[in-house]
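Below is one structure, written out as C-alpha cells; the observations come after it.
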Amino acid sequence: MVEPPSPDVAAPQPAGGAGRLAGDEGVPPQRYSGALAAEIEARWQARWLADGTFVVAAEPDPAREKFFLMDMFPYPSGSGLHVGHPLGYIATDVYGRFLRMQGRAVLHTLGYDAFGLPAEQYAIQTGTHPRVTTEANVERYRAQIARLGLAHDPTRSVSTTDEAFYRWTQWIFLQIYNSWYDQRAGRARPVADLVAAYESGELPTPDGRPWADLDRAGRAAAVDARRLAYRATVPVNWCPGLGTVLANEEVTAEGRSERGNFPVFRRELTQWMMRITAFADRLLDDLDRLDWPASVKTMQRNWIGRSEGAAVRFPLHAPDGGADGAAVEVFTTRPDTLFGATYMVLAPEHPLVDALVPPAWPAADLPASWTAGAPDPRGAVEAYRRAAAALGERDRTAEGRTKTGVFTGGWATNPVTGEAVPVFVADYVLAGYGTGAIMAVPAHDQRDFDFARAFDLPIRAVIAPGDGRDPTDTAAWPDAWTGDGTVVGSAGPSLALDGLGVEEAKRAVVAWLEGQGLGRGTVTYKLRDWLFSRQRYWGEPFPIVFDDDGIAHDLPESMLPVLLPEVDDYRPVAADPDDGASDPEPPLAKARDWVEVTLDLGDGPRRYRRETNTMPQWAGSCWYELRYLDPDDDRRFVDPTLEAYWMGPRTPDDTGGVDLYVGGVEHAVLHLLYSRFWHKVLHDLGHVSSSEPFRRLFNQGYIQAYAYTDRRGVYVPAEEVVERDGGYWYGDEPVTRSYGKMGKSLRNSVSPDEMCDRYGADTLRLYEMSMGPLDVSRPWETRAVVGSLRFLQRVWRNLLDEETGAPTVTDTTPDPATEQLLHATIDAVRTEMGGLRFNTAIAKLIELNNHLTSLPAVPREVAEPLVLMLAPFAPHAAEELWRRLGHPSSLAFEPFPVADAAKVAAATVTMVVQVNGKPRDRIEVDPAISESAAVELALASDRVRAALGGGEPKKVVAKPPRVVNVVA
RNA sequence: GGGCGCGUGGUGGAAUCGGCAGACACGGCGGCCUCAAAAGCCGUUGAUCGGAAGAUCGUGCGGGUUCGAGCCCCGCCGCGCCCACCA
C-alpha cells in the first residue's frame, strides 16, 4: 500500500518574503513569525546535517571531558508522535547543547525499539510484513523528530530490528546461555569453568553422581541446571485463542485475554528463562551506588522483595498414621511465632500434596468446610486444584477475596510443640514464593486469621498484643495482632521464649532450629526468574537448535545472525479457545524449511530443529546503549576501548554507565532491571568495564491533556471546546471534562508537526521547557504556546530591525544596571540549567530580555551572551541571530557565557524591615551593611515607628542585608 | 492494606539556606495601532475594604516550634503514582 503524496505540503517561503502573506500588509517583513521560523529552521537543520555538526568522532578525544547522554528510545507506533512524546528528547537536547558549549564531548543519539506486538497484530490483520510497517513508522518518527532540531548524531541511530543489531542481541543471549552463576565467587562465569568444576568434583552435579558417570544427556542436563539462560517448565498464562502465552499484565481480572477476550489458562509449559534471581543481591546492593530517583530505587527494592526469615521443616505423618521421614519445608519471616502455628497450608501445585493425601478421610466427623463435601481427600483436593487452575493469577491474588481451601486429610508435626497440625491446600499460598508452603499462625497473620475463622481452626496467641486485648481469649479478637509485643505461651520441653521481644525470639528460634537440624535462617526474594520466550513472529529468533534427542545446541558466532524467515501467516497456530490442554505452536513453526536444518556443529552435518519461540520485546533494550558507542562494528558488539571511554568507572567506587538517562517512570522496574541484569553478566564476563548501565537516571513527567465527552459519552474535539459560565461547551452542547493521557481516540491529541507549522520548533521547544519542572506531569495548553513565540519575537526585535533584518545592536558599554542584570542572569542560568531546571532558566532569560526592551538600543556586549544562553532552547533562532550579528560559524561549540563574579552582586539590595514578623518597610542598603547600621536604619524608619505605636522594641533580630525584625 | 509523592491566584508554575509569597508565562480587564479584525505594542491583574494613602486577610484544615513558617514538627482532610493474599 502506497500513501498518496500529501497535498498540503506548503511551498517554502523565500527568506525575504517570510511573513508577507495576503492580508498581512501591516506586519514587518522581518518579524519573527511562525513562517520566518520555518524558513530559518529548515535552513539550519540542513546545514547541521551537511556539516556533520553533531556527528561525534569515532575515536575518543582524551583532551575533552566526555558526557554520554541518553533518552529511553521509543517504540515507533503507527499513530505518530504527539507533543507529549518529545518532552524528554527536548530536555536532553537542551542539556546536551549546554554541555557542548562548555567544551564537553557529548554523545547523544536516538534509536528505535522496533520489535513488538502492534506491528505484528497489524500484519495479522492486513498481511503487510511487520518490517514494512515498522520501517515506515521509523521513517515517520525520524521525520517528526528531525523537525525539532535535536543535536543527535545521525550516524549512531540504531533500530533493534536491524539485522546488524539483533545479530548482537543473539550473540549476547549466547553469552548468557553459556554462563552460570558462581555463588562462591559472586559472579557469572563461562560454563567451561562449570564443567571443570563438575569434573574435579569441586561442585556436585545436580543429582550427586560423578561427572564421569554421566552420559551425554546427563551432562547436558547437569550444565543446563545452572545456565543463566535455561529452559524450564513453569506455570504461565496460556491463551489458546491467541495461540500464545501472555504476561500477567495482558490478562484481565476476569481471567481472559485483554485482546480478543479469550479464556486464559494457568498452564505448565516449557519456556526459556533467565536466571535473574542469581543476581538479586547485587541488583539490590548496587542501587545504593546509583544516582537514581529514590522512588525508582524503592520500586526496584520492592520488586526484588528480599525478606529475611527462617526455613522450618514440619515432619509429615505418613498416610497410614506412622512417621515416614518426609517433611514439608516452609518459609516464615516470623519464626518467633512458631508456637502459634496451628495448621499448615500448601499451594495447590505443591509437589508433596499427592504424597500426603490419604485414601480416606482420617475421621468421620470432619467439618463440611474441610472436606468440601467430597467422599475422600483425593477427590476434594483434585476438585480444588481444578478450580484453582481455572483462575488467572489476578483473580487468585485479589486481596479481600474470601479464603478458600480444602483439608488434604494429612497431618504434620509442629516441631516445637510436638502437636499434630492439619495440612490444607489453599490458593492464598502461592507456589512460586518461598517454598510454596506456610505454617499458619492465625493469631498473628491476617490471612491465616481469616482462613482459621472460615475453617474453625484454633487461634493461639503467642505475642501479647500491645493494645490490651486478652491473649487467652482470641475468640474475641476482631483481627490478627501483627504488631510487636512480648512472647507468651511459648514454652516447650527444649525451647522457651516467654518474655522475649520479637527480635530476640526470632534469633532464639533460628538458633534452636539449626541446632536440631529442623531449619535454618534464610532469605527469600519476590523476584522470579525471567520468562524469556514468546510465541510471536516479530522478535529476535533464538540462536539455538535441537538435535534428535531434544538436546539444545547453541549456534557458533559464525552462524549469526539467525534471520527471521519469511512466513505467509503471522498468526500463532491458534487452538480451540476453550482447550487449555493444547500446546502453543509459534508462527515460526510454520516455516518448515527454516525450522528443519542440516548443520555442521563440529561433528559433521546433522539434522536439527530450530527453536521457534522468539525473544521478548525487552531484549533489544537491554543493551542498546552499548551499540550507540560503536554502531557499525561488525566484529564485536562494542569496542572495549569505546566502552571504557564513554561508560567506564571514573573512580574505584563508581559503577560507570551512561552519564544521564532520561525517560518515563513506567520503566522503573522491568526495563531498568532487565538491562541492569544483562549489563552485570557482560561485566562479569569481561566484556564491559562498567558494572551498571545507567549511572544517573531522571524521570521526566508526562504532558497530559483534558478530554471532553458529550452526553452520550462520545469524545468531542478538545480544540473546539470552550469554557463558559463555569462549564465546558462544544457548540451549544455541555460537555464533561476529564484529565489524562493524550490520544487520538480521546480527540485531544496535538502533534508536534502542527505546533512547528504554526509557531516553529524553537517556540515548541521553549514552551515545553518552560511549562514547569521537568519531573512533574502537567496539562498541555495550546493557547499558552504563543507566550514563547512572543518571547522570541521580542528577543529578535531587541537585536534586529523588523523591517530590514539588520542588527540594531550598539558597541556602547552597557549601563551598570544592565551589566549587573546580565551577569546575575548568566550566573542564575548556569545554575538552573546545571540542575535541569529549565523552566526557571527561561524565566531569567525573559527577565533579562524584558529589561533590554526598555533600553533605546541593546549593547552587543549584552546581546551576544543572551543569544548564546538562548541557544540550547531555541537553537535555530539563536544560530540565525548569531550569524546576523556577524559570526559566520555555528554557535554550537561557542563557550557558554561565564559570569564575572564581581558584577553579579547588585550595588544595593532591598532590606526588609519587619515588626513582629510582618514586613513594614523596605530600605535600599549596601550589601555589606553592618548589623548595627542595619538596626539603626530599621529603627529610624517612619513606618516602623508607626507600627510600634510609640512603644520601645523588646528585641531586634538582624540578618543583614536581607532582613531586620523588630519585636514589639 | 502497604510504600512513595503532592496540595500556592482564574490557569501552568516561582520562592537554592526558615527571611519581601505569587518570579516568568497564559488568560482577564483597560488603552494604542487599524475602516475593522488578527498580529503586535503599552498599562493593569491574589482577595476584601477604601476615592486615595493605606489597612486587613491569604500557600488544603487544626495545632506546635521560632524574632520570623509555603518551607521544620504533630494530628487530620484531599489527590496522584507504584505495589498488593509475598508468609
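In what follows, chains carry the letters A, B, and so on, assigned in the order in which the sequence lines appear, proteins first and then strands, with residues in each chain numbered from 1.
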Looking only at side-chain N and O atoms, does [X] come under 4.0 Å of OP1 or OP2 in [N]?
X: A:N839; N: B:rC24; answer: no
X: A:R790; N: B:rA25; answer: no
X: A:N850; N: B:rA25; answer: yes
X: A:R794; N: B:rA25; answer: yes

Can you check the [X] [atom1] to [N] [atom2] distance for me, whole Å?
X: A:N916; N: B:rU66; atom1: CG; atom2: C1'; result: 13 Å
X: A:F838; N: B:rG13; atom1: CZ; atom2: P; result: 17 Å
X: A:Y767; N: B:rC26; atom1: OH; atom2: P; result: 11 Å
X: A:N849; N: B:rC41; atom1: CG; atom2: P; result: 11 Å
X: A:L836; N: B:rU16; atom1: CG; atom2: P; result: 18 Å
X: A:K844; N: B:rA25; atom1: NZ; atom2: P; result: 13 Å
X: A:L792; N: B:rA25; atom1: CG; atom2: P; result: 13 Å
X: A:D775; N: B:rC81; atom1: CG; atom2: C1'; result: 13 Å

Nearest of [options] to any side-chain atom of [X]?
X: A:I846; options: B:rA25, B:rC67, B:rA14; result: B:rA25
X: A:R31; options: B:rA87, B:rG40, B:rC24; result: B:rG40
X: A:Q793; options: B:rG40, B:rA87, B:rG13; result: B:rG40

Worksheet entry | Contacts of A:H667 that satisfy ring-ring contact (aromatic ring centres under 6.0 Å, His included) - sequence neighbours left out |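 A:H667 satisfies ring-ring contact (aromatic ring centres under 6.0 Å, His included) with A:H671 once adjacent residues are dropped.
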Item to complete: Can you sort out the partners of A:Y32 under ring-ring contact (aromatic ring centres under 6.0 Å, His included), two or more places apart, ordered by chain and number?
Response: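 ring-ring contact (aromatic ring centres under 6.0 Å, His included) check on A:Y32 returns A:W796.
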Worksheet item: Which residue pairs pass the salt bridge (Lys or Arg N to Asp or Glu O under 4.0 Å) test when at least one of the two sits in residues 776-796 of chain A, sequence neighbours left out?
Response: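 Qualifying pairs: A:E781-A:R783.
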Under the salt bridge (Lys or Arg N to Asp or Glu O under 4.0 Å) test, residues paired with [X] that sit two or more places apart:
X: A:R301; answer: A:D288
X: A:D762; answer: none
X: A:R837; answer: A:E832

Quick one: look up who [N] pairs with, Watson-Crick or G-U, both distances under 3.5 Å, and put none if it's unpaired.
N: B:rC17; answer: none
N: B:rC41; answer: B:rG31
N: B:rG7; answer: B:rC77
N: B:rA84; answer: none
N: B:rC71; answer: none

Worksheet entry | Polar pair under 3.5 Å, donor/acceptor by atom type, side chain A:K954, base B:rC67 |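 For A:K954, whose side chain was compared with the base of B:rC67, there is no donor-acceptor pair (under 3.5 Å).
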Worksheet item: Is the backbone N or O of A:G340 less than 3.5 Å from a side-chain atom of A:T337, with the two atoms forming a donor-acceptor pair by type?
Response: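 Checked: no pair found.
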Discussion item. Please check: side-chain N/O of A:W481 versus main-chain N/O of A:G483, any donor-acceptor pairing under 3.5 Å?
Written reply: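 Pair found, side chain donor or acceptor close to backbone of A:G483.
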Take atom [atom1] in [N] and the same atom in [M], then report the distance between them in whole Å.
N: B:rU65; M: B:rC71; atom1: C1'; result: 14 Å
N: B:rU66; M: B:rC74; atom1: C1'; result: 16 Å
N: B:rG64; M: B:rC82; atom1: C1'; result: 33 Å
N: B:rC29; M: B:rG46; atom1: P; result: 16 Å
N: B:rU56; M: B:rG2; atom1: P; result: 46 Å
N: B:rC57; M: B:rG50; atom1: C1'; result: 15 Å
N: B:rA15; M: B:rG58; atom1: C1'; result: 16 Å
N: B:rG62; M: B:rG78; atom1: P; result: 16 Å

Indicate, with a heavy-atom threshold strictly under 4.0 Å, whether [X] touches base, sugar-phosphate, or nothing.
X: A:R301; result: nothing
X: A:K918; result: sugar-phosphate
X: A:T853; result: sugar-phosphate
X: A:A784; result: sugar-phosphate
X: A:S788; result: nothing
X: A:R306; result: nothing

Just the table, please: protein N/O against nucleotides 3-12 of chain B N/O, every pair under 3.5 Å.
{"residue": "B:rG12", "atom": "O2'", "partner": "A:M771", "partner atom": "O", "Å": "2.8"}

Would you list the atom pairs, donor with acceptor, under 3.5 Å between side chains in residues 955-968 of chain A and any protein atom, with sequence neighbours excluded?
{"residue": "A:N965", "atom": "OD1", "partner": "A:N916", "partner atom": "N", "Å": "3.4"}
{"residue": "A:N965", "atom": "OD1", "partner": "A:G917", "partner atom": "N", "Å": "3.0"}

Fill in: Glycosidic conformation of B:rG9, taking syn as within 90° of 0 and anti otherwise
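Here B:rG9 takes the syn form, which means its glycosidic angle is within 90° of 0.
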Worksheet item: For B:rC17, does the O4'-C1'-N9-C4 (purine) or O4'-C1'-N1-C2 (pyrimidine) torsion place it in syn, i.e. within 90° of 0, or in anti?
Response: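 Syn conformation here, the glycosidic angle of B:rC17 being no more than 90° from 0.
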Taking only nitrogen or oxygen atoms into account, show me every contact under 3.5 Å that the protein makes with nucleotides 19-22 of chain B, one pair per line with its distance.
{"residue": "B:rG19", "atom": "N2", "partner": "A:Q914", "partner atom": "OE1", "Å": "3.1"}
{"residue": "B:rC20", "atom": "O2", "partner": "A:R922", "partner atom": "NE", "Å": "2.7"}

Discussion item. Using heavy-atom distances to pick each residue's nearest nucleotide on RNA chain B, tell me which of A:R334 and A:V966 is more 5'.
Written reply: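 Between the two, 5'-proximity favours A:V966.
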Discussion item. Between A:F451 and A:F424, does the ring-ring contact (aromatic ring centres under 6.0 Å, His included) criterion hold? Intermediate values first, please.
Written reply: CA-CA 10 Å; A:F451 190 87; A:F424 286 73; 5.4 Å; yes
Practice prompt. Determine the interplanar angle of the A:Y708 and A:Y728 rings, folded into 0 to 90°, and report it as parallel if under 30°, tilted if 30 to 60°, perpendicular if over 60°.
Written response: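 Plane angle between 30° and 60°, so tilted.
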Discussion item. Could you walk me through whether A:T853 and A:R797 satisfy the side chain to side chain contact (heavy atoms under 4.5 Å, CB included) test, starting with their C-alpha distance in whole Å, then the side-chain angles of each, then the deciding distance to 0.1 Å, before giving a yes or no?
Written reply: CA-CA 9 Å; A:T853 306; A:R797 188 160 46 231; over 6 Å; no
Worksheet item: Any ion pair linking A:R306 and A:D281 (charged N to carboxylate O, less than 4.0 Å)?
Response: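 A salt bridge is present here (some side-chain N lies under 4.0 Å from a carboxylate O).
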